[in-house]
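Working notes, structure below.
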Amino acid sequence: MKVLVIGSGPIVIGQAAEFDYAGTQACKSLREEGHSVVLLNSNPATIMTDPGVADALYIEPMTLDFCTRIIERERPDALLPTLGGQTGLNLATQLEDAGVLEKYNVKVLGTPLSAIKQAEDRESFRSLMREIKEPVPESWIVGTDAELEAILDVVPYPCIIRPAYTLGGTGGGIANTREELMETGRKGLKLSMRSQIMVERSLLGWKEVEYEVMRDSNGTVITVCNMENFDPMGVHTGDSIVVAPSQTLSDLEYHMLRTASLKIISALGIEGGCNVQLAVNPHSFDYYIIEVNPRVSRSSALASKATGYPIARVAAKIAVGKTLDEIDNQVTGTTKAAFEPALDYCVVKLPRFPFDKFATGDRTLFTQMKATGEVMAIDRTFEAAMMKAIRGLEVKQKDLRHEKYQAQDDETLEASVKQPTDDRMWAIIEAIRRGWSLDRVNKICKVDKWFLRKLQKLVEVEQRLVKASESGEDLATLISEAFLIGFSSPSIRSLLDGDGEFASRAAAEIERQKVQPVFKMVDTCAGEFESNTPYYYGTFEVEDDALSKI
Amino acid sequence: MAETVLVLGSGPIRIGQGIEFDYSCVHCVWTLREMGYKAILVNNNPETVSTDFDTSNGLYFEPVTLEDVMDVIAHEKPVGVVCQFGGQTAINLAEGLALRGQKVLGTSPEAIAAAEDREQFDALLEKLGVKRPQGRAVRSLAEAREVVAEVGYPVLVRPSFVLGGRAMEIVFSESQLEGFYNEAEAANPGQPVLVDKYLLGKEAEVDLISDGTNVLVPGIMEHIERAGVHSGDSMAIYPPVSLSQSEVDQMVKIGIGVARELGARGLVNIQFVIVDGEAYVLEVNPRGSRTVPFLSKVTGIPMVDVATRCMMGQSLESLGYSTGLWSLGTDGRAYSGEKGTKWAPIFQGGVLDSAPSGPSSVYAVKAPVFSFQKLRKVEPSLGPEMKSTGEILGVDSTYEAALYKAFVAAGVNFKGDGAVCLTVRDQDKDQAVDIGRRLLAAGRRVVATPGTAAYLSERGVECEVVQKIQAGSPNLLELIQSGGVSMMLNTASLTETSESEAARIRRGCIETGVPCVTSIDTASALVRALEIYDDPSQSTCKRLDEYFTLA
């Protein structure tokens, strides 16, 4: 079969390198199955557009015109539209609407376009959810300025505005007043490809959880992984700090949300991967379905790396008719893709923002994504993973300290803790450092107390280091403890503030206490099966997977 | 057992350090594996191909910091570390790794310092007799003033050892100097600030591969925007369209000289500005740059592969390459030394001979892509600080069609059937006359703000006048918001602040989805492609390899 694959084009906020990763994997996967790949992607800075990845490579503008010309020339049998992010999906939708797919008899592989439309069009998605009795937040679909005006007095404030068919939630926002709703709503209407927006009850402060699920043509469904946002609802998930697996859900909640996600992917008839975003009330078992992405996404890339399960590869194979029980799990080499991954570690993702470049930019976060990239860190504890993520983020802050927030007075700091921004976590840390109770911090920022307690543990060690020269605490024990919880040598050195004699004693002790990590394997199965994948993370424990495999 | 080589990744995607560096790291790993090494990689970006489970022989998902990397080294005991492909993140670790007794493969940490440390770099250029804009590294505002007294305004002020032009500014007057100096100082505390004469001219850049003796120059990219726009935000053309043979010769000669003098092994990127036919070196980056994937794809030279082999001790000659510029022939085929029988030799003994003459049969234009729609209160006009998040490539058999494709792929489309609006600063007005004339000739409606309109009308370019915002209603901003503008060509006056009228206009365009071109050179390129906009069938649609080989 000759398959046309549409890439995601240039890197923009909302569509970064994850589609090169997914697309490259999928092209390889399709060719493994004996199919030939025709690729369209306008971005030359990708592995996907290298000679040898596709059988026929087109670096042409990703427009209806050029894509039609490619189809005329190449006469592909099929189109795989779910690998190129929103750009790829939009182009596939245009091709279908223009009748190009029908004219040249091009079959759409994997999830049918009708299912994609059903997932992306708010109204049809809502009616499907009502059918299968899954809760969606009350909302109003608006297509014109007049319709917008008509609901100004009806909606509960604050409310959320989400335009249909845009990248990274472009043009969306939160409105606290009628005026704000009018302004943001009009902008959203202009920016939506369909001139359609949804105004929705705000769930600010609820927990935000995502499930990555897969389904094949047999109807077999699995959960690859779930992820929890550190930042509660109201911040785009691409801009949120994310942990995997979820850390604050009870077993009951975990399974309730998993069941809902699997029900949705089945109802939509998706063949491939799908991301389901849910909001969970922190004080009850209420939840709402927020959004469904019926394609590979930034979240699926993160889930793939967090679990070792290659979602794009498996999705491509499902698209050409394979089923989960037939596809090998390449990571273990011994299990099948139908096995749900298990994690015996904690993953933390931090978004990377461009405000070092855009000093005048608006740093507040809401439903419109602003991050250009992200880092992920793996360790056995949330604390250690968080410290790794911070020091690898390539920002000025290398640990828990942040000059800006340390200099703020209490009142300003409270505002900083409340308003989500690119570096709010450091404001939260400063509040904890000042001894604000976790209840108080939680009340202000709504971040779950489990996360706050973990940050508090880190802050406690930090403060003991800072005060060590005065407190006379045993340096050997303290430094070793600091290493084990996740502080790096440079951080410990700079926190251990003291005069000449103390400083040299501290330096020597850091040298002596420096712990060499062992390296653990990311094997998708938490050690249940033999695995040979050389994918490792460092941690301070005893058994070393990397050595034992050599 | 195979020897282990550690490759350092580039960390999170951010402006200035994008996916290009991941591309290079992946290729380096692939080549090392092909050569029989056990290639392991440290990176912490979950979005990338480099961190895919089957890319390397060992993926360490760890932060790319000195301590974390040393921990992996203690564990894996590699024979060497590759710092050249992971952008500034990786190269910044070279010195520390060397101090801790690790072998940095390829270009030595001393050579990296020689290219990045201003004083050493100046001495090196002086020794080679290569020109550069006058200036030097300073450590105080007083010293910065001294430099200005010697070279005169405008000057370029920027921090050292920082990628992507962060906190880089063109300073035109004493009143701006202090603020920008402090900003540059704060961007990289403890490091000197560079103050240089700012030269306005054509910009070009080369990426070259050195094995320590021979130096291959795969190609020269000419920038469409003149100096003053960050190279990452410039449109770049391959092969060059307006560089003279002498200018090309100078750049190749300088590139070869600098790489040899540094004793570079691997990739080197050099940026030039050309003033009155003379090439000045702006900067030398002793590492893989963001243009490597672009140049690899359009020249057909697997640049990272060749550079990796050079780093590991193979010679360019043994790989079938020799010293000199690899040039694109009229038949769309790249030419050089002894790469099989299909390639015609054009250089002998490292001396530049001439490429096959006549216009090229293929042009490739790289264009930046921005994410301004996602970011509120961000000034979209281009300057020395990089702002783009991505790039695209337009290829076709004519320059105009390649330009058209690059613009369209970057999302620069005429929106609706409104007018094209021209509002430009004084020094751009002459160029605006030609632009206006071409627009009218193509049957487009042209509107302009009073100053620009008067200038154009006096020179026979009839356009409608639209009032500035402060003149009341109706004004340009309202025209934009009502859909009356299909394209904005607006260049920022050199002294304006972001609160100014023009900045509001540009933000208005971003918010309503009207394409906004902020460099007069980009605008000139745009009108060159007008004919293809009106008749896209004049562009072709072919596989990439069809453009670059004979049918």
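The model shown is predicted, which means the values in this text are computed figures rather than measured ones.
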Among B:V26, B:T291, B:T48, the residue with the most heavy-atom pairs under 4.5 Å to chain A is B:T48
Below 4.5 Å, heavy-atom pairs only: which of A:G361, A:P354, A:S304, A:G308 has the largest tally toward chain B? A:G361
With a 4.5 angstrom heavy-atom cut-off, could you sort out which part of A:K398 is near chain B: side chain, backbone, both or neither? neither
Bottom line for A:D65: the part with an atom under 4.5 Å from chain B's heavy atoms is side chain
Is chain B contacted by the side chain of A:D50, its backbone, both, or neither, given a heavy-atom distance below 4.5 Å? both
Between A:T49 and B:K297, do the side chains contain an N or O donor and an N or O acceptor separated by less than 3.5 Å? yes
Is the backbone of A:I11 close enough, under 3.5 Å, to the side chain of B:T389 for a donor and an acceptor to pair up by distance? yes
Portion of B:V72 that has a non-hydrogen atom of chain A nearer than 4.5 angstrom: both
What part of B:Y404 is in contact with chain A, defined as an atom under 4.5 angstrom from a non-hydrogen atom: side chain, backbone, both or neither? side chain
Side-chain (B:K405) to main-chain (A:P61) donor-acceptor, under 3.5 angstrom: no
Could you tell me whether a side-chain N or O of B:E62 sits under 3.5 Å from a main-chain N or O of A:Y537, the two making a donor and an acceptor? no
Does the B:N44 side chain pair with the main chain of A:G392, one donor and one acceptor, at a distance under 3.5 Å? yes
Under a 4.5 Å heavy-atom cutoff, which of B:S539, B:S388, B:A406 has the most pairs with chain A? B:S539
If you take the centroid of each ring, where Trp contributes its six-membered ring, are A:Y535 and B:F53 closer together than 6.0 Å? no
So does A:S489 get a backbone contact from the side chain of B:E67, meaning a donor-acceptor N/O pair under 3.5 Å? yes
Side-chain donor/acceptor of A:S42 to backbone N/O of B:A409, under 3.5 Å: no
